[in-house]
Amino acid sequence: MSEQAPIERQEYNITVYTENQIGLLNRIAMIFSRRKMNIESLNTSPSEIEGIHRFNIVVHETEEVVSKIARQIEKQVEVLKVYYNTNEDVIWQEMALYKVPTDIVAEKAKVERLLRENGARVVVIRKDYTVFETTGHREETDNLIKILQPFGLIEFVRSARIAIIKDSDGFNRKLREFERAEPGHEVMENEFLNSREKVFSM
Amino acid sequence: MLTQEKQAPALPETDTMLSGSQALLHGFVVEGVDTIFGYPGGAIMPIYDALYDFEGDLKHILVRHEQGGIHAGQGYARSSGKVGVVFATSGPGATNLVTGLADALIDSTPLVCITGQVFAHLLGTDAFQEADVIGITTPVTKWNYQVTDATEIPEVLAKAFHIARSGRPGPVLIDITKNAQLQKFAFKGYTPCDHIRSYRPKPIVRKEYIRQAAELINKAKKPFVLWGQGVMLGSAEQEFRAFLEKTGIPAAWTIMGAGALPTDHPQNVGMLGMHGNYGPNVMTNECDVLIAIGMRFDDRVTGRLDKYAKQAQVIHLDIDPAEIDKNVKTTVPVWGDCKETLPLLTQMVETKQHTEWLAKFREFEQKEIDAVIREELFPTSDEMTMGEVIQQLNELTKGDAIIVTDVGQHQMVACRYAKLNQTRSNITSGGLGTMGFALPAAIGAKFGAPDRTVVAVIGDGGVQMTIQELGTIMQSGIDVKILILNNQFLGMVRQWQELFHERRYSFVDITSPDYVTVAKGYGIPGRSINQRENLVEALQKMLTNPGSFLLEVMVTKENNVFPMVPQGCSVSEIRLK
């Protein structure tokens, strides 16, 4: 019998390739809400293929739960494929915007240095406020909030996470297989089943 | 009533101008639909108007409530193996379908439901009878889609049928705005769908897992088969039987699987789960290889999961990848349609007999007979039991009837004791446990299998939930035998209150109308009995009456269904009393 999956919860990045279909976001979101699971971050965007959408969903869960969720998502008619990866398996970024009073920024040289240290860029400068932008991991964008708080941070917003899977070779080849009435073995495989081969014992 | 036999219009040539409604109905004809259960209303009127011309091909059954319509569609699908079709209007018509959709989804029943919707320009304006039907039905459908443009209809309908009936079947809903129903367009014909690139109904069969499964089975000393509805959904009854008879493995069923193997087959050892048979539950925790076929390890089957079959190697055959390892960890997953996987497995397994192992099941059966079954089927008390009614029914039907059950004690008793000779003979709300299911589902079942006797076995609680469908029976003239087992209680809840809530009988005492009078009002003959001496003759009358008949049998008030695996207990802790 296979070993129990580790029970530690950690961040998982779920990547979902889908058709562009009204209502599908709801259908996918309900898979989480039905199980009282919180979605930490959700982004939908085009993918490398025209007409195919890509969801990036981040959850803090155990692998066992995530693998079951992934299969429930993949079961949806308009979902082409689901992958889930730990943070180590992906390159990921989040973007954040910070609005601070211009007079404070202009007066205090310290602020400028801090912004530079944190890789922030200026997006807009107005007489009354300035908007900075950073892109990076959660800790990085969070860190700048703490730094800017004493300088009168007016507004803060962070985007959903986007992630690229390190060892994915994209979806083009797979999609061509899906379009055939009788897809080949290689593509019909399921990540789950393949990984089982390694743990399978009799 | 129309006296003239109407001929449905032939499939129009390409580029004929058709309304969305006409295109929809032509699609149904091509898909082989013969019966529709529905209820008209404002937002679906164009479809009903077009239906008027299709009477020759599409029989429409006017139900009395949309919930009745969808349960009838389910009964039809379950008895015939075809896709059930249901019509409802927008707003309340559509929301009344929700229970049936949830029921059909959890019990994998293929349905195509069409709901009318307000005009597209009124969407989101809180228009009269507008409800967000796509939003409401998303979690209870396999797929749903809103059509606002008639030109989409042929393709969407074809997709709907493909999705509903392929892979693991399920309910599909198409919400069509009124403008799309009315809109005329150049019809390009109707092509059934057999491929959607994002949808893979069947996983590819992996031979290496079949081989591993066969090795496990060949080495097993105490193998045990559990089967579910998947065997019937895959029309794999013959393949299943061939596998069983070659391997000699004892087999037990979930209530959704009942009837896929005849009740009196020597390897059929009975029912699994909370109110299943003693042997199958105990032996689940003693077998060395557990072979689950087309079943999903529902909590009512497994009891406490962390004490479920821990000693066993588990082989799970299922068409739905999401079911593998969902509840019970599998040693060998055999993904695929069991119609394909079972013959492959049968080829590789050795011919065997597990005589001693099978005999152990029979020993447990004897204990159960002594402790429970004999008194239930042949009671020594004065009052009648539910079990003896089912026993007498078996004698008269010889096991050839379709038994449709509602939910509760009578359901457990009927499923435990009904003799089923053939497949698609047990229709019940297994996963959702929907009270009110049986009467409308029986109507649908009869339309789906007109040559078979259909007996709806219903409790006094459930029958009052959808009793209005007597009107559907009256108007359609369909022949359904209605057998009410009246214990004057919501019996299953009462049983739990007795066992687990110190007999605090909170709101389970339910009164009934005079069912015979009610039936009479609907033109259905009926009878009520409370004496054992009248039972056989009354059942005979019910079964032989030309047309529907309602028989109420007053049974003992406070009987409990045993054996029972109490909630939170392991299957091996099953109680005989």
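Excluded from the calculations below are hydrogen atoms, water molecules and symmetry mates; all remaining heavy atoms, backbone and side chain alike, are included. So you know, we letter chains A, B, ... as the sequences are listed, proteins then strands, and number each from 1.
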Inset, instruction - Run the salt-bridge test on Lys326(B) and Glu64(A) with the 4.0 Å N-O cut-off and return the result as yes or no. - result: no

Legend entry - Heavy-atom pair of closest approach, residues Ala322(B) and Gln72(A): CB-NE2, 3.8 Å

Legend entry - Whether over 12 other heavy atoms sit under 6.0 Å from Glu139(A) CD: yes

Legend entry - Atom NZ of Lys221(B): over 12 foreign heavy atoms under 6.0 Å: no

Inset, instruction - Could you tell me which portion of Ile163(B) (side chain, backbone, both or neither) has an atom closer than 4.5 angstrom to a non-hydrogen atom of chain A? - result: side chain

Inset, instruction - With a 4.5 angstrom heavy-atom cut-off, could you sort out which part of Val77(A) is near chain B: side chain, backbone, both or neither? - result: both

Inset, instruction - Check the pair Arg200(B), Leu80(A) against side-chain contact (heavy atoms from CB on, under 4.5 Å), reporting the backbone distance first and the verdict last. - result: CA-CA 9 Å; Arg200(B) 281 153 296 148; Leu80(A) 287 136; 5.8 Å; no

Inset, instruction - Return the minimal non-hydrogen interatomic distance between Pro321(B) and Arg71(A), and the atom names on each side. - result: O-NH1, 3.4 Å

Inset, instruction - With sequence neighbours excluded, tell me which residues meet side chain to side chain donor-acceptor pair (under 3.5 Å) with Arg34(A). - result: none

Inset, instruction - Calculate, to the nearest 0.5 Å, the distance between atoms CD and OG belonging to Gln76(A) and Ser198(B) respectively. - result: 10.5 Å

Inset, instruction - Supply the atom-to-atom distance Ile324(B) CD1 to Lys68(A) NZ, rounded to the nearest 0.5 angstrom. - result: 12.5 Å

Inset, instruction - Please report the closest heavy-atom contact between Arg197(B) and Ile52(A), naming both atoms and the distance. - result: NH2-CD1, 3.3 Å

Legend entry - Pairwise distance CD(Glu179(A)) to NE2(His195(B)) - rounded to 0.5 angstrom: 7.5 Å

Inset, instruction - State whether the number of non-hydrogen atoms from other residues, nucleotides or ligands found under 6.0 Å of Ile162(A) atom CD1 is greater than 12. - result: no

Legend entry - Crowding at CG, Leu305(B) (>12 non-hydrogen neighbours, <6.0 Å): yes

Inset, instruction - Could you grab the distance from atom CD of Gln21(A) to atom CH2 of Trp143(B), nearest 0.5 Å is fine? - result: 6.5 Å

Inset, instruction - Identify the heavy atoms of Met30(A) and Pro139(B) that sit nearest to each other, and give their distance. - result: SD-CD, 3.5 Å

Inset, instruction - Salt-bridge test for Glu78(A) and Lys159(B): reply yes if a basic N is under 4.0 Å from a carboxylate O, no otherwise. - result: yes

Legend entry - Euclidean distance, Asn144(B) CG relative to Asn26(A) CG, rounded to 0.5 Å: 9.0 Å

Legend entry - Atom pair CD/OH of Glu19(A) and Tyr199(B) - distance to nearest 0.5 Å: 14.5 Å

